[in-house]
*Asks:* 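Once you've had a glance at the structure underneath, I'll fire off some questions.
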Amino acid sequence: WCWLCCGSVMSSHGQQSLARSPEEILHELRQHLCAICCLRVDRKDIPEVTRIAEEHGEETQWCWLCCGILQPGGPLGQITKHVSESLRERAYTPFSTWQVHLQVPIGCVLHDLIWAIVERAAGKSSQGIADLKEVAKSVVTSALTHVLPPVDSSTPAPSMKIGVVLTHKETEVGLLEHFTEVKSKRGGRAAWRQRHGKTITQADADDLKDTTVSSLPTVPALTRLLQHMSIEKLVGHVGDKNWWANVVPSKKCAVATTVVEREPLFLRGRYRKLSRECSQTPWTLRGTDERRTDGSVEEFIKAPVIEIFGVRGECRFSSAGREDVDVRMLGSGRPFLLELVDCLHGSITAASGFGDLPKLVKSRSGGIVEVQDLEICDRTASEKLVEGAEKHQKHYLCVIWVKKSVTKEDIANLNAVRELSIHQRTPVRVLHRRTNMIRQRMVHKLAAEPLNAHFIILHVWSAAGTYIKEFVHGDLGRTVPSIRSILDSETDILQLDVADLVDEPVVQPCAKKLRSDSHL
C-alpha cells in the first residue's frame, strides 16, 4: 500500500487515482499526528506551540509529521541532558550569550512538504505551517534557560554555540531510494552511477539501515522539487513503492550529535623574527614528516596562547604576508591573527597570564620571536589582514655583493631610483609551486651605502609582492630591470631583512616603464 495514503487514493487495481478527496486524506493523516503537530498545522504561533509542548503528556504512538521530535519522550529531553553535562565538564569563563543551532532530519522536512501538497489540493490556506525546526529550537531554548548558568554580560566574550543534529534513519533510507527514482526521471541516474558506480538496489537500502546515509538530498533541492507539485503527480511518483512498513514511524528521531562550544575568539598582534633559521610556519620535506627547522613563528606563538586561553578546538594562524626562512622580520613587526576555536576563557580578563604572553613567547623561542600589540578583535580583522598584506609598502635592508669595483657614480645611480616599474617572471626557486607568469611591481625608492669596493648595504622600499632577491641578482634575466642591470655587473644578495612595513602605502605615478615584455 502507498506510504502516503495507505491506499486511500488508489483504485482497486492499485493504479494512482484520487479515489478519495484531499480533505479525506488530510483527515486520515491527522489521525497519525501528535498534539503539538496538530497545533502546527492549525497555524498556531510558535510561542503558543512551545508553551503547550512543555505541558503536554505522553502519547501512544510516534507522530508521522515530526517523527517524535516534539513529543514527550522524544529527543529534546536528551538534548537538555547532554548540554548540561557538557557544561559541567567545562568551566567556560565568562559564560556568555548562547544560541541553539538545530538540524532536523530531512525526512521530517519531506513530511511538511507533503502535508502542504495535500492541503493545496484541498484548497486550504496557502500560509505555511509552523516550521518544525523553529518550534523545536524554541522548545529546546526554553528548556535550557532553566539549566544553564546565568549569562555574564559584564565582560564581552564570544557567544556560545549549541549545535544539535537529529536523525531518523527509518525515513532517510526511504527518502534516498525515492529521491533517486525521482532524479532518474529527470535524467539524474547517470549522476548516481558516476558517484556510486551503480544504481541503488534493495540491498543498498538494507545496508543503509545500519549505516549513516551520506547521499541524502539537501533541503533546498527537496523544496524546489516538491513546492509546486500536485497531489496527483506526487502519488504518481511514489506509487506503491512502500518506503516504510506503514505511515506511523516505528522509531523516534535520535540525537546524532550534540556539540557545545564557544564561537571563535580572535587575537591579533605583531611579531618580530630575529633569526635566519626559523620559518614562519612549520616546514617539512614534501611528502614526509621530516622537519627542515626546529621551530616556527606560528608554533612559538600558538603554544602559550592555547595554554592561557584553554583552547579546545583549532588555533588558526594567519599573517599579512610572509618572509623566507633566512630573512629576519624587524621594525614594528608583521601583523598576525589567531582564530581560537572553543576556548574556555573568552576574554583577556578571564585568561589569567595574558599579560605574560610576550615574555612566554620570547623565552620559549630562545629570544628569536617577539610579539607585541596583542589585543582581542572581531572577525573582520581577517579581511583587513589580507587587505593590508596587499597594500603594504615594505622597507627591506640587504647586503649585496658586486663583482666589479663599485664607483661613486654607481652609488649615485642607485640612489636616484624613484618609482621604478619592474617586471618579474615567477622566480626559478618557486617555479615548482607558483604559476609561471609575469608580475609588474613597483620599487618606490633605493638608498645605497658602500661598505667597500664590492659590498653595498642597500635599502629598498617596494610594493607588496616584490621578489627582492631576484630584483638584486636578476634571476637569469627573469626580472627586468634589476640591480644587476642598473650596475651592469654580476651581483648577488648575501643577507636580507624586512626592516619594516609601512602601513600607509605610497601611490604615485610610474616614472620609468619598460618598453616591452617580449625579452622576459
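Note that the coordinates shown come from a computational prediction; the quantities given were computed from them, not determined experimentally. Heavy-atom basis, side chains included; hydrogens, waters and symmetry copies ignored.
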*Asks:* Can you tell if the side chain of R441 reaches within under 4.5 Å of the side chain of S462, non-hydrogen atoms only?
*Replies:*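 They are not in side-chain contact.
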
*Asks:* Flag the pair T141 / I162 as yes when at least one side-chain heavy-atom distance between them is below 4.5 Å, and no otherwise.
*Replies:*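 No, their side chains stay 4.5 Å or more apart.
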
*Asks:* List the atom of P94, the atom of G346, and the distance in Å for their closest heavy-atom pair.
*Replies:*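 Scanning both residues completely, I find the closest heavy atoms to be CD-N, 4.1 Å.
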
*Asks:* For the CG atom of L446 and the CZ atom of F471, what is their distance to the nearest 0.5 Å?
*Replies:*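 Between atom CG of L446 and atom CZ of F471 there are 5.0 Å.
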
*Asks:* Who are the ring pair (Phe, Tyr, Trp, His ring centres under 6.0 Å) partners of H395, not counting sequence neighbours?
*Replies:*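 Residues passing ring pair (Phe, Tyr, Trp, His ring centres under 6.0 Å) with H395: H459, W461.
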
*Asks:* Between D152 and F95 (side chain of the first, backbone of the second, donor and acceptor by atom type, cut-off under 3.5 Å), is there such a pair?
*Replies:*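 Flag not set: sc D152 to bb F95 has no pair under 3.5 Å.
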
*Asks:* Evaluate side chain to side chain contact (heavy atoms under 4.5 Å, CB included) for K273 paired with R328, printing each intermediate quantity in order.
*Replies:* CA-CA 5 Å; K273 181 167 79 77; R328 296 185 300 177; 5.6 Å; no

*Asks:* Is T491 reaching over with its side chain to a backbone N or O of V472, donor-acceptor style, under 3.5 angstrom?
*Replies:*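 Between the backbone of V472 and the side chain of T491 there is a qualifying donor-acceptor contact (under 3.5 Å).
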
*Asks:* Work out which heavy atom in L274 is nearest to a heavy atom in G367; give both atom names and the distance.
*Replies:*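 Residues L274 and G367, closest heavy atoms: CD1-O, 3.7 Å.
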
*Asks:* Can you tell me how far apart CZ (F266) and OG (S382) are? Round to the nearest 0.5 Å.
*Replies:*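 So the gap between those two atoms works out to 7.0 Å.
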
*Asks:* Hey, what do you get for CD1 (I400) to CG (L496), rounding to the nearest 0.5 Å?
*Replies:*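 Nearest 0.5 Å value for the CD1-CG distance: 11.5 Å.
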
*Asks:* Report the residues that fulfil salt bridge (Lys or Arg N to Asp or Glu O under 4.0 Å) with E375, sequence neighbours left out, ordered by chain and then residue number.
*Replies:*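 Expected list: R268.
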
*Asks:* Would you indicate whether the side-chain heavy atoms of D326 and K469 approach each other to under 4.5 Å?
*Replies:*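 They are in contact (side-chain heavy atoms under 4.5 Å apart), so the answer is yes.
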
*Asks:* If we ignore hydrogens and angles and just use 3.5 Å, is the side chain of R484 paired with the main-chain N or O of P481 as donor and acceptor?
*Replies:*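 No, the answer is negative, given that no donor and acceptor are paired below the 3.5 Å cut-off.
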
*Asks:* Of all residues at least two apart in sequence or in a different chain, which pass the side chain to side chain donor-acceptor pair (under 3.5 Å) check with T407?
*Replies:*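 Counting only residues at least two positions away or on another chain, T407 forms a side chain to side chain donor-acceptor pair (under 3.5 Å) with D410.
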
*Asks:* What are the two closest heavy atoms between G269 and L374, and how far apart are they?
*Replies:*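 Distance-wise, the nearest heavy atoms are CA-CD2, 4.0 Å.
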
*Asks:* Checking Y467 now: which residues fulfil ring pair (Phe, Tyr, Trp, His ring centres under 6.0 Å) with it, not counting sequence neighbours?
*Replies:*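 With neighbours one apart ignored, the set is empty.
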
*Asks:* Once the angle between the rings of F317 and Y271 is folded into 0 to 90°, is it parallel (under 30°), tilted (30 to 60°) or perpendicular (over 60°)?
*Replies:*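 Plane angle between 30° and 60°, so tilted.
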
*Asks:* Search all heavy atoms of V255 against all heavy atoms of H82 and return the closest pair with its distance.
*Replies:*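 Closest pair (atom of V255, atom of H82, distance): CG1-ND1, 4.3 Å.
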
*Asks:* Taking only residues two or more places apart in sequence, or in another chain, which ones meet N436 in a side chain to side chain donor-acceptor pair (under 3.5 Å)?
*Replies:*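 Applying side chain to side chain donor-acceptor pair (under 3.5 Å) to N436 gives R478.
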
*Asks:* Might you confirm whether atom CD of Q372 has over 12 heavy atoms from other residues, nucleotides or ligands at distances under 6.0 Å?
*Replies:*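 Above 12, so yes.
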
*Asks:* Looking only at heavy atoms, what is the nearest atom pair of T93 and H345, with distance?
*Replies:*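 Taking T93 first and H345 second, the nearest heavy atoms are OG1-ND1, 2.8 Å.
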
*Asks:* My understanding is that only residues two or more places apart in sequence, or in another chain, count here; which of them pass salt bridge (Lys or Arg N to Asp or Glu O under 4.0 Å) with E387?
*Replies:*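 Per chain and number, E387 pairs via salt bridge (Lys or Arg N to Asp or Glu O under 4.0 Å) with K391.
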
*Asks:* In sequence, state the C-alpha distance, the side-chain angles, and the governing distance for V297 and R334, and then conclude on side chain to side chain contact (heavy atoms under 4.5 Å, CB included).
*Replies:* CA-CA 11 Å; V297 173; R334 186 183 297 276; over 6 Å; no

*Asks:* Could you pull out all residues at least two apart from R276 that satisfy salt bridge (Lys or Arg N to Asp or Glu O under 4.0 Å)?
*Replies:*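 Salt bridge (Lys or Arg N to Asp or Glu O under 4.0 Å) check on R276 returns D497.
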
*Asks:* Who pairs with R272 by salt bridge (Lys or Arg N to Asp or Glu O under 4.0 Å), at least two apart in sequence or on another chain?
*Replies:*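 Scan of R272 (salt bridge (Lys or Arg N to Asp or Glu O under 4.0 Å), adjacent residues dropped) gives E370.
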
*Asks:* To the nearest 0.5 Å, tell me how far I69 CD1 sits from H168 NE2.
*Replies:*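 Atom-to-atom, I69:CD1 and H168:NE2 are 8.5 Å apart.
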
*Asks:* Does a side chain donor of either Q440 or S421 reach within less than 3.5 Å of an acceptor in the other side chain?
*Replies:*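 Their side chains do contain a donor-acceptor pair, which is all the 3.5 Å distance test asks for.
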
*Asks:* Hey, could you give me the CD1/SG distance between I493 and C398, rounded to the nearest 0.5 Å?
*Replies:*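 If I round to the nearest 0.5 Å, the distance is 4.5 Å.
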
*Asks:* Can you check whether I376 reaches L267 side chain to side chain, under 4.5 Å on heavy atoms?
*Replies:*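 The answer is yes; the side chains approach within 4.5 Å.
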
*Asks:* Within the structure provided, determine whether S482 and I422 are in side-chain contact (heavy-atom separation under 4.5 Å).
*Replies:*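 No, side chains not in contact.
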
*Asks:* For P158 and S96, work out which heavy atoms get closest and say how close.
*Replies:*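 That closest heavy-atom pairing would be O-OG, 2.5 Å.
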
*Asks:* Would you confirm whether T466, through its side chain, and I468, through its main-chain N or O, come within 3.5 Å as a donor-acceptor pair?
*Replies:*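 Pair absent, no side-chain N/O of T466 close to backbone of I468.
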
*Asks:* May I have the list of side-chain donor-acceptor pairs in residues 300-314 shorter than 3.5 Å, sequence neighbours left out?
*Replies:*
{"from": "K302", "atom 1": "NZ", "to": "E298", "atom 2": "OE2", "distance (Å)": "3.0"}
{"from": "K302", "atom 1": "NZ", "to": "C315", "atom 2": "O", "distance (Å)": "3.0"}
{"from": "E307", "atom 1": "OE1", "to": "R364", "atom 2": "NH2", "distance (Å)": "3.0"}
{"from": "E307", "atom 1": "OE2", "to": "R364", "atom 2": "NH1", "distance (Å)": "3.1"}
{"from": "E314", "atom 1": "OE2", "to": "R316", "atom 2": "NH2", "distance (Å)": "2.8"}

*Asks:* Atom CG of residue position N452 - does it have more than 12 heavy atoms of other residues, nucleotides or ligands inside 6.0 Å?
*Replies:*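 Yes.
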
*Asks:* Let me have the donor-acceptor pairs involving side chains of residues 349-363, under 3.5 Å, with sequence neighbours excluded, atom names and distances please.
*Replies:*
{"from": "T349", "atom 1": "OG1", "to": "S347", "atom 2": "OG", "distance (Å)": "3.1"}
{"from": "S363", "atom 1": "OG", "to": "K359", "atom 2": "O", "distance (Å)": "3.0"}
{"from": "S363", "atom 1": "OG", "to": "L360", "atom 2": "O", "distance (Å)": "3.1"}

*Asks:* Please examine the side chains of L487 and L414, heavy atoms only from C-beta on, and report whether any two atoms are closer than 4.5 Å.
*Replies:*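 L414 reaches L487 side chain to side chain.
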
*Asks:* Under the rule for side chain to side chain donor-acceptor pair (under 3.5 Å), what residues qualify as partners of Q99, not counting sequence neighbours?
*Replies:*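 For Q99 there are no side chain to side chain donor-acceptor pair (under 3.5 Å) partners, ignoring immediate neighbours.
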
*Asks:* Taking the side chain as C-beta and beyond, is there a heavy-atom pair between K161 and H101 under 4.5 Å?
*Replies:*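 Answer yes - side chains close enough.
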
*Asks:* Kindly indicate, with the supporting measurements, whether the criterion side chain to side chain contact (heavy atoms under 4.5 Å, CB included) is fulfilled by V140 and V164.
*Replies:* CA-CA 10 Å; V140 171; V164 181; 5.8 Å; no

*Asks:* Calculate, to the nearest 0.5 Å, the distance between atoms CD and NZ belonging to E490 and K404 respectively.
*Replies:*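 That separation rounds to 13.0 Å.
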
*Asks:* Using side-chain hydrogen bond (donor to acceptor under 3.5 Å, both in side chains) as the criterion, point out the one residue from Q424, R425, R429 that pairs with E470.
*Replies:*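 Passing option: R429.
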
*Asks:* I would like to know whether T426 and R439 meet side-chain hydrogen bond (donor to acceptor under 3.5 Å, both in side chains); could you show each step before the answer?
*Replies:* CA-CA 8 Å; T426 304; R439 299 170 176 85; 2.8 Å; yes

*Asks:* Does the pair M329 and L501 meet the rule for a side chain to side chain contact (heavy atoms under 4.5 Å, CB included), with working shown?
*Replies:* CA-CA 9 Å; M329 180 65 233; L501 305 180; 4.1 Å; yes

*Asks:* Within the structure provided, determine whether H423 and V480 are in side-chain contact (heavy-atom separation under 4.5 Å).
*Replies:*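 Side chain of H423 against side chain of V480, heavy atoms only: no contact under 4.5 Å found.
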
*Asks:* Check side chain to side chain donor-acceptor pair (under 3.5 Å) between R291 and all other residues, then give those that pass, not counting sequence neighbours.
*Replies:*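 Only E299 meet the side chain to side chain donor-acceptor pair (under 3.5 Å) criterion with R291.
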
